[in-house]
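Accompanying notes for the structure given below.
Hydrogens, waters and symmetry mates are skipped; everything else that's a heavy atom, side chains included, is used. Below, chain A is the first sequence line, B the second, and so on; all start at residue 1.
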Amino acid sequence: MSELNRHEKLGLTDEDVINMYKTMKLARKIDERMWLLNRAGKIPFVVSCQGQEGAQIGAAFALNREKDYIAPYYRDLGVVLHFGMTTQEIMLSAFAKAEDPSSGGRQMPSHFGSKERRIITGSSPVTTQVPHAVGFALSAKMKGKDFVTFTSLGDGSTNQGDFHEALNFAGVHQLPVITFVENNELAISVPIEEQIASETIAVRAESYGMEGVRVDGNDPLACYEAVKEAHNRALNGEGPSLIEAVTTRLMAHSSDDNEKQYRTEEELKHAKENDCLLLFESYLKEVSVLTDEIYDEIDSQIKTDINEATEYAEKAPYPDPSTIHDYVYAAEEGE
Amino acid sequence: MSELNRHEKLGLTDEDVINMYKTMKLARKIDERMWLLNRAGKIPFVVSCQGQEGAQIGAAFALNREKDYIAPYYRDLGVVLHFGMTTQEIMLSAFAKAEDPSSGGRQMPSHFGSKERRIITGSSPVTTQVPHAVGFALSAKMKGKDFVTFTSLGDGSTNQGDFHEALNFAGVHQLPVITFVENNELAISVPIEEQIASETIAVRAESYGMEGVRVDGNDPLACYEAVKEAHNRALNGEGPSLIEAVTTRLMAHSSDDNEKQYRTEEELKHAKENDCLLLFESYLKEVSVLTDEIYDEIDSQIKTDINEATEYAEKAPYPDPSTIHDYVYAAEEGE
Amino acid sequence: MQKTYIQAIRDAMYEEMQRDENVFVLGEDVGRKGGVFRATEGLYDEFGKERVIDTPLAESAIAGVGIGAAMYGLRPIAEMQFADFILPAVNQIVSEAAKIRYRSNNDWHCPITIRAPFGGGIAGALYHSQSIEALFASQPGLKIVIPSDPYDAKGLLKAAIRDEDPVLYFEHKRAYRLLKADLPEEDYIVPIGKAGVKREGEDVTVITYGLCVHFAKQAAEKLADQEGISTHILDLRTIYPLDKDSIIEAAKKTGKVLLITEDNKEGSVMSEVSAIIAEHCLFDLDAPIQRLAGPDVPAMPYAPTLEKEFIVDEAKIKQAIQDLAEF
Amino acid sequence: MQKTYIQAIRDAMYEEMQRDENVFVLGEDVGRKGGVFRATEGLYDEFGKERVIDTPLAESAIAGVGIGAAMYGLRPIAEMQFADFILPAVNQIVSEAAKIRYRSNNDWHCPITIRAPFGGGIAGALYHSQSIEALFASQPGLKIVIPSDPYDAKGLLKAAIRDEDPVLYFEHKRAYRLLKADLPEEDYIVPIGKAGVKREGEDVTVITYGLCVHFAKQAAEKLADQEGISTHILDLRTIYPLDKDSIIEAAKKTGKVLLITEDNKEGSVMSEVSAIIAEHCLFDLDAPIQRLAGPDVPAMPYAPTLEKEFIVDEAKIKQAIQDLAEF
Ligand SMILES: Cc1ncc(C[n+]2csc(CCOP(=O)(O)OP(=O)(O)O)c2C)c(N)n1
Ligand SMILES: Cc1ncc(C[n+]2csc(CCOP(=O)(O)OP(=O)(O)O)c2C)c(N)n1
Ligand SMILES: [Mg+2]
Ligand SMILES: [Mg+2]
């Protein structure tokens with residue numbers, strides 16, 4: 001095993017890391033396409049995963065996608081792709097079409113949900129998913145099930161009361177839940193030093209009697225390792241973990257935001273230099289896992305996939321107006 | 001200075017500590033009287049300070065009662081007595097009489113407030129006062145005023161979202177505010193280990209980039225010292241502090257509670273052994289500050305004071321029913 | 001067997017926990033202590049601390065963790081120690097519980113029951129006396145029930161626990177030991193969404209809920225005996241969404257409607273009841289729609305003089321019915 | 001000079017901050033960025049970061065710290081980025097701000113203004129389109145204002161900032177750039193607590209607020225031209241506590257009342273308006289009190305088909321007025 005090769009030490013095969021790369025790149029390319037569609041006036045809104053795919057994929061690959069439950073946040077395109085959402089489904093949601101599995105076109109894109117894949121339905125108010133994840137973890141403990149619950153959120157969102165209340169609950173009951181903070185050091189326009197009074201977010205773990213870890217979120221392998229360890233702890237009854245992945249926001253907050261209002265050219269340049277996708281690409285080339293041939297194949301597969309998905313979604317029907325009344329409550333005769 | 005004498009080292013005179021003792025004892029005796037009145041069916045409700053007077057008086061004496069603002073919680077009889085509330089006023093509130101300065105008989109007793117004395121009006125939902133205290137501290141900073149804001153709460157109450165949100169705000173802006181947790185290791189019936197996941201409450205300070213200190217809350221001098229230091233830091237622009245005083249709840253949670261439901265005889269006995277008033281009394285005798293003569297004088301003063309106050313309050317009129325509509329909003333013609 | 005209102009509540013939980021092992025209780029002091037009002041008395045001993053969970057003092061977590069467990073498939077009964085203290089959990093209840101089914105297009109749902117003691121008349125002062133239901137009674141996706149007697153207390157709570165959607169269950173703390181009734185031995189539910197006629201009458205229709213039903217019944221008896229006034233009483237039972245048909249029927253019955261709530265008046269649940277009547281059977285009315293309610297002040301004060309002034313009691317109801325009958 | 005609705009809001013803040021150095025702004029992204037809708041544009045540069053504070057992402061702290069500062073004697077303007085995200089702050093607003101004067105028997109008070117963009121029609125989906133006002137419109141101690149045009153937007157915001165009590169100020173985000181008007185150069189306020197007649201008419205009375213006033217005016221013009229129907233429009237402006245006298249007067253004027261809100265219907269502000277009318281001038285009515293509102297679903301969905309179905313627009317209003325006129 002070469003000195004350079006880090007993934008084998010983590011028990012990941014070459015195929016594993018190629019899959020990781022593929023999913024990262026798919027997330028990136030879907031996201032890029034959504035921006036184009038937005039700028040072309042075809043979809044009203046995008047909130048981007050760009051720059052955080054490494055953290056997302058590293059974390060997601062450390063989970064058990066046959067058993068675990070996830071409560072992701074709006075940037076987690078990488079996470080939900082690994083949990084089985086298809087490009088077509090993502091595009092259906094971007095176009096607000098009836099077939100969107102997350103919400104039937106009722107929610108903005110990136111408000112993921114799929115019971116079948118154990119993706120817990122999410123909303124827009126930040127951090128509300130964290131107590132939900134703790135509730136799933138409590139259920140696992142009560143019912144003696146061996147799944148782990150994973151939830152993620154942004155750095156700014158760790159300042160919400162729900163973060164504190166939920167993590168304390170998880171800590172008291174030593175529940176199998178992993179809280180993964182994607183710290184891109186911005187909350188819309190507010191930089192981390194005006195947002196968070198602690199040195200790091202990971203140190204907040206001590207307030208909840210849990211393990212706290214800070215990792216390089218631009219490096220999927222580092223994230224994989226940290227989440228894998230947390231997953232093991234959770235399964236071994238050693239309780240919850242808080243993981244802070246220091247990552248990078250490559251784009252504006254959303255398609256409604258103009259980041260020039262608050263981010264300097266310097267800062268933007270620095271962000272570009274930390275592009276997790278390019279860094280992982282270099283690594284995979286360095287260890288001779290990503291050949292030109294594989295690269296091209298992945299690239300063209302992804303293009304086709306996205307083109308087909310976009311075309312399908314664009315043509316798909318909107319929800320019928322009459323359906324607006326559906327599903328406020330369970331249907332009268334049970335569900 | 002004798003080896004035993006700890007107060008002189010803190011810059012406290014004999015007169016100071018006698019005053020501390022007096023106020024502690026006054027708080028205790030008022031509280032005891034309120035229980036008697038409650039059991040006699042004369043007042044509907046008591047929530048007790050007993051066992052926490054040491055922490056309260058130690059902390060309060062470290063503040064500047066000419067300038068500082070305080071946002072106390074319901075057990076803080078000791079704190080508000082030091083800030084100028086009279087026995088008569090406390091009794092007026094216990095009897096829900098119109099003259100009660102905190103609320104005119106509208107709130108339960110122990111919901112302190114007095115603008116004149118810079119006692120910020122409090123409510124029943126726990127922890128809401130903590131962001132208010134931060135708002136006062138923000139005002140001090142914005143206006144360049146040299147007051148410090150002090151707020152207190154119970155151990156269980158540190159699990160509310162407001163604690164987290166407020167302390168983070170204070171930490172980010174480095175505001176002159178002291179958060180004082182009176183940790184009696186119970187929240188009604190729930191013991192601290194089922195309540196709080198962290199090792200101590202003081203460690204939570206790190207989440208907010210502030211100084212965290214844990215002291216013996218049964219010892220007023222230790223509390224005085226910790227709060228004095230925090231006060232100095234606040235005035236020196238060194239920001240907020242979190243102080244945990246480990247204290248003792250001598251009584252049931254309130255007059256509506258039966259602590260036998262959840263506290264063993266053993267635990268109750270242990271609590272009694274840590275009675276801060278008796279401990280401080282011993283200390284003051286040991287260093288020959290509290291003579292039998294002074295003791296008797298204080299004792300009889302307090303008795304007279306409480307008797308008179310009770311008598312006055314019992315006779316005082318209730319608010320007139322017609323006043324129920326007053327003060328929902330400012331009077332039409334300004335205030 | 002004679003049961004008080006609070007025993008009925010406790011029995012409903014006990015029986016549902018026996019029936020379905022997915023039912024569990026969480027809240028402050030619900031375990032060892034059995035609840036500050038003792039609504040969960042004995043449950044901890046019977047079902048253990050895994051199913052009767054003393055939570056940290058954090059209402060948003062109580063609701064939010066409960067919501068998570070409900071989405072997983074359990075049947076949490078979350079207790080808010082006082083209805084006044086449900087407010088830190090509003091975001092979880094309104095943004096989350098109420099919208100989970102709708103936002104996921106029926107993929108997920110959230111069968112949680114949230115119990116909270118409400119109401120005044122027990123020297124609870126501003127923060128232990130509130131009627132907080134109006135704050136939630138505009139949020140589709142939620143159901144809100146308020147029982148007026150032990151029979152409904154038990155039946156509505158069972159229905160709430162078995163319901164596939166989030167139900168807020170507000171129980172009147174002054175009713176806890178005041179109201180007693182013989183309850184059936186057999187299992188029963190009171191269906192959510194249906195109001196109940198608690199007294200038949202011809203002259204005046206009273207529409208109300210909660211403890212006011214009790215006072216209205218007492219007033220009605222006296223008026224029947226003393227004045228020969230015959231009062232029809234509709235108990236809303238579910239205050240959101242409202243049972244429009246029953247409201248319209250009751251209003252039409254006498255043409256004179258008195259709406260009563262212990263809550264303050266402006267923006268109360270009774271506003272909507274009035275609007276339904278004004279929309280659907282205006283021409284059946286023989287008198288303006290009257291509302292009897294608390295004064296529009298922030299909450300019920302502590303002093304007995306003020307508490308009495310605030311509270312809607314039998315005497316005030318009697319007077320209002322009589323005035324309307326004479327209109 | 002022509003100003004948009006959002007410029008009017010920004011100007012009100014600017015001028016009040018000039019006038020009174022105790023006025024300051026706090027909220028998420030209100031500083032450097034000038035607000036996500038740019039309502040605070042330029043304030044950071046003009047007044048500095050001490051008076052235009054970018055807060056951590058924590059609404060309960062924004063409200064709670066603001067409340068503290070207001071009690072001290074400052075005049076905070078707290079921004080909630082979207083009205084939908086005010087919910088984590090409900091406890092601070094309802095338990096604290098609303099009750100501070102009352103509970104302290106007038107010793108303390110809390111002059112805070114809380115601004116929040118509300119309303120739909122901008123593809124904001126379930127959580128960026130809500131009308132959240134009904135949730136607060138039963139809490140004495142609060143005042144709630146909702147401007148319908150640039151003139152009122154400026155005048156009501158100034159009145160809110162100068163008010164001695166907490167005011168919730170909801171601004172319609174679709175109105176931000178849609179509505180323009182010439183505003184006076186001089187300082188003025190629009191008094192809180194007073195509704196305003198926005199159109200005189202004889203046949204049908206429309207009572208509404210917010211952006212619906214605009215649509216109602218457009219519909220009324222068309223109906224006047226095309227059908228000869230004369231519509232009277234009352235803009236509530238303050239939706240809590242309501243201006244009862246103006247409501248009663250407007251209802252009596254035509255005897256046919258249409259109440260309009262963009263919010264979902266059951267439990268909306270319009271329920272109380274209806275109840276006031278049914279209580280005070282029932283016999284002046286020639287038709288049932290009609291309500292036109294959003295459907296009773298949790299919130300406005302994202303898909304354009306559903307959003308259009310939800311929203312109250314000019315066409316729906318026109319139809320409703322016409323139906324009522326023909327009643
Ligand atoms: C409770 C709440 N308040 C405000 C918002 C508006 N908002 C959406 S994203 C965001 C910033 C989030 O920052 P962070 O948590 O760091 O996540 P990031 O977007 O940087 O990944 C804000 C303020 C919201 N969605 N929810
Ligand atoms: C938000 C809220 N929830 C619940 C309550 C009911 N309650 C009053 S005191 C208390 C326990 C407080 O415990 P702790 O903070 O440790 O303070 P202590 O009473 O022990 O001094 C509870 C649950 C409340 N007042 N506010
Ligand atoms: Mg961020
Ligand atoms: Mg305690």
With chain A as the partner chain, list the residues of residues 161-178 of chain B whose heavy atoms fall under 4.5 Å from it, by residue number, and write 'none' if nothing qualifies. B:G161, B:F163, B:H164, B:E165, B:N168, B:G171, B:V172
Note: vs chain B, highest number of non-hydrogen pairs under 4.5 angstrom among A:Q195, A:Q160, A:R204 is A:R204
Looking at B:E199, B:E193, B:E206, which one has more heavy-atom pairs under 4.5 Å with chain A than the rest? B:E206
One should read off an interatomic distance between B:S198 OG and A:M210 CE, to the nearest 0.5 angstrom, of 10.5 Å
More than 12 heavy atoms of other residues, nucleotides or ligands under 6.0 Å from NZ of A:K145: is that the case? no
Does any backbone or side-chain atom of A:T158 lie under 4.5 Å from a heavy atom of chain B? Answer side chain, backbone, both or neither. backbone
Say you draw a straight line from OH of B:Y208 to CD1 of A:I196; how long is it, rounded to the nearest 0.5 Å? 11.0 Å
